[in-house]
There are 2 protein chains.
Amino acid sequence: MQEQVSISTAEDNADSTTLASRTFDSIKADIISGQLAQGSKIVESDLALQYGISRGPLREAIHRLEQMKLIIRVPHAGSRVVTLDTRMMEDIYTAREALEGMAARLAARLMPDDEIAALSALLDQHEAAIGETDGKAYFQREGDIDFHYRIAVASGNRWILENLNGELYQLIRMARHQSGQYPARAPTALAQHRQIAAAIAARDEELAEILMRRHISGAWQIVKQILEEQHD
Amino acid sequence: MQEQVSISTAEDNADSTTLASRTFDSIKADIISGQLAQGSKIVESDLALQYGISRGPLREAIHRLEQMKLIIRVPHAGSRVVTLDTRMMEDIYTAREALEGMAARLAARLMPDDEIAALSALLDQHEAAIGETDGKAYFQREGDIDFHYRIAVASGNRWILENLNGELYQLIRMARHQSGQYPARAPTALAQHRQIAAAIAARDEELAEILMRRHISGAWQIVKQILEEQHD
DNA sequence: CCTGCATAAATTGTCAACAATCTGATTGGT
DNA sequence: ACCAATCAGATTGTTGACAATTTATGCAGG
């Protein structure tokens with residue numbers, strides 16, 4: 001078999017150098033895609049067998065997933081896949097608002113002109129994609145996260161980038177994949193992305209931060225509503 | 001009466017339930033205090049011997065320290081204690097500014113009245129301490145971080161709290177312990193803390209965030225200056 | 001004297017067995 | 001019938017040996 005899902009997170013350590021690392025990627029993908037259900041118990045021996053490795057590297061993978069908050073572990077008792085409740089998602093979106101707001105500010109200060117042009121081109125692509133698929137593909141294909149990712153990179157702040165890309169985005173992806181697809185607010189999102197890009201191009205740090213925060217805050221309101229409806 | 005420092009980290013896994021966890025705490029302390037020098041190589045077998053445990057739990061401890069960015073690890077090659085350069089510290093302070101700014105905003109919205117009173121009392125304590133020791137003790141004793149910690153708690157946002165307390169503060173502590181003690185800007189810091197506390201008491205979210213950001217940004221300017229002087 | 005390759009030493013990655021701890025059910029008492 | 005203590009089963013924590021990989025060493029050739 002071995003064909004695994006491998007949805008990929010932008011950086012593909014598909015055949016990474018170490019067993020633990022590959023297993024980590026596999027389990028991560030399985031959690032995000034929902035093949036490992038939320039709240040389900042993780043039994044080391046079972047998973048080790050399932051992935052065809054020994055418990056050593058598997059434990060390492062689990063520990064990394066714990067730090068990433070995809071798994072919750074209690075000493076001597078075992079670990080479970082995290083359960084995404086409304087409270088946790090709110091914390092995540094709030095943290096994201098603070099971090100990405102700052103990232104947008106820094107991007108407005110530091111992003112090279114050619115990258116700004118590329119960012120604009122990316123949005124053109126998105127617009128075309130929205131036209132073709134009636135907007136559905138925008139979030140499913142994660143073009144949304146793609147935009148945010150570029151700004152995080154442009155911020156030049158490694159800490160912010162690593163935390164957004166390595167943790168927060170993963171959890172948001174997980175929520176998207178599982179709580180059904182999100183509504184077609186693609187045109188709205190695109191328009192806001194354009195505003196943000198414009199502020200960055202104008203080197204207006206203050207505005208870039210404000211717009212980004214408003215954008216994320218608005219996204220949370222939508223997500224929150226969906227979560228609450230589903231919880232009935 | 002328990003008065004010891006112990007201010008921080010809240011959870012004392014002094015005699016934690018698992019070997020790996022205790023070792024993790026030990027190594028962390030050794031790195032922060034400088035007993036394990038920056039950039040020094042970490043050899044698993046050596047450390048295992050030194051701490052009197054086998055390589056298994058030690059590896060787990062190292063992995064956790066890696067996630068905390070106190071150690072840098074490259075597959076098959078080994079790990080070294082992180083080297084705090086100016087660039088990294090700037091990233092950390094910038095991220096902290098974003099996160100704590102948000103935390104202050106949330107605290108202004110959510111902090112219970114009695115906790116606000118306690119916060120004010122804490123600042124009185126600090127003022128007394130400054131009077132006694134001429135300000136030196138303020139940063140050495142980490143009363144500073146204590147104040148910030150309380151606000152992070154009051155934010156009610158677990159993600160922000162865990163990242164500040166579990167990662168950013170640790171790195172800042174490390175920088176303090178090693179690059180010599182910081183200057184006596186204690187009175188300034190205290191005054192700013194009072195302003196922030198007042199904004200929270202007044203439930204002025206906007207002001208609380210702005211003041212906190214200015215406070216941290218100012219702190220960075222001082223630290224940056226010291227780092228650059230030392231680097232000559 | 002320097003460069004490059006082959007070999008050896010050191011170090012990390014992986015494995016399977018053993019010990020410690022927790023969970024759940026069973027049994028006995030009230 | 002209900003609660004508590006005890007015991008068995010399952011699961012995690014720990015260990016030491018083995019395999020794979022990298023880094024250092026030394027030798028031959030230019």
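Below, chains carry the letters A, B, ... as their sequence lines are ordered, and counting in each starts from 1.
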Residues E90(A) and K224(A) bridged, charged N to O under 4.0 Å: no
Can you tell me how far P of dT11(C) sits from CZ of R59(B), to the nearest Å? 14 Å
Please give, in whole Å, the distance from dT12(C) P to I71(B) CD1? 11 Å
Under 4.0 Å: is that the gap between some side-chain N or O of S45(B) and OP1 or OP2 of dA10(C)? no
If the test is salt bridge (charged side-chain N to carboxylate O under 4.0 Å, His left out), which one of K69(B), R173(B), R96(B) qualifies with E167(B)? K69(B)
K41(B) NZ to dT23(D) C1': how many Å, rounded? 9 Å
How does protein contact run along nucleotides 16-25 of chain C, one letter per nucleotide 5' to 3', with B for base contact, S for sugar-phosphate only, - for none, heavy atoms under 4.0 Å? -----SSS--
Short side-chain to backbone donor-acceptor contact, R80(A) and I72(A), under 3.5 Å: no
In whole Å, what is the span from the CZ atom of R80(B) to the C1' atom of dT22(D)? 14 Å
To the nearest angstrom, how far is E60(B) atom CD from dG13(C) atom C1'? 16 Å
Answer yes or no: is there an ion pair linking R150(B) with E115(B), defined by an N-O contact shorter than 4.0 Å? no
By nearest atom, which of the nucleotides dT11(D), dG13(D), dG13(C) is closest to the V43(A) side chain? dT11(D)
Nearest non-hydrogen partners of L110(A) and A154(A), listed with the distance: CB-O, 4.1 Å
Between atom CD in E44(B) and atom C1' in dT14(C), what is the gap in whole Å? 12 Å
Quick one: which of L70(B), I32(B), D91(B) gives a side-chain contact (heavy atoms from CB on, under 4.5 Å) with L171(B)? L70(B)
Interatomic distance where CZ belongs to R73(B) and P belongs to dT11(C) [whole Å]: 17 Å
Mind checking if I42(A) touches a base, just sugar-phosphate, or nothing, with heavy atoms under 4.0 Å? sugar-phosphate
Starting at CG of D46(A) and ending at C1' of dA10(D), how long is that distance when rounded to a whole Å? 11 Å
Taking OP1 and OP2 of dT14(C), is either one under 4.0 Å from a side-chain nitrogen or oxygen of R22(A)? no
Should K41(B) and L36(B) count as side-chain neighbours, where that means a heavy-atom distance under 4.5 Å? no
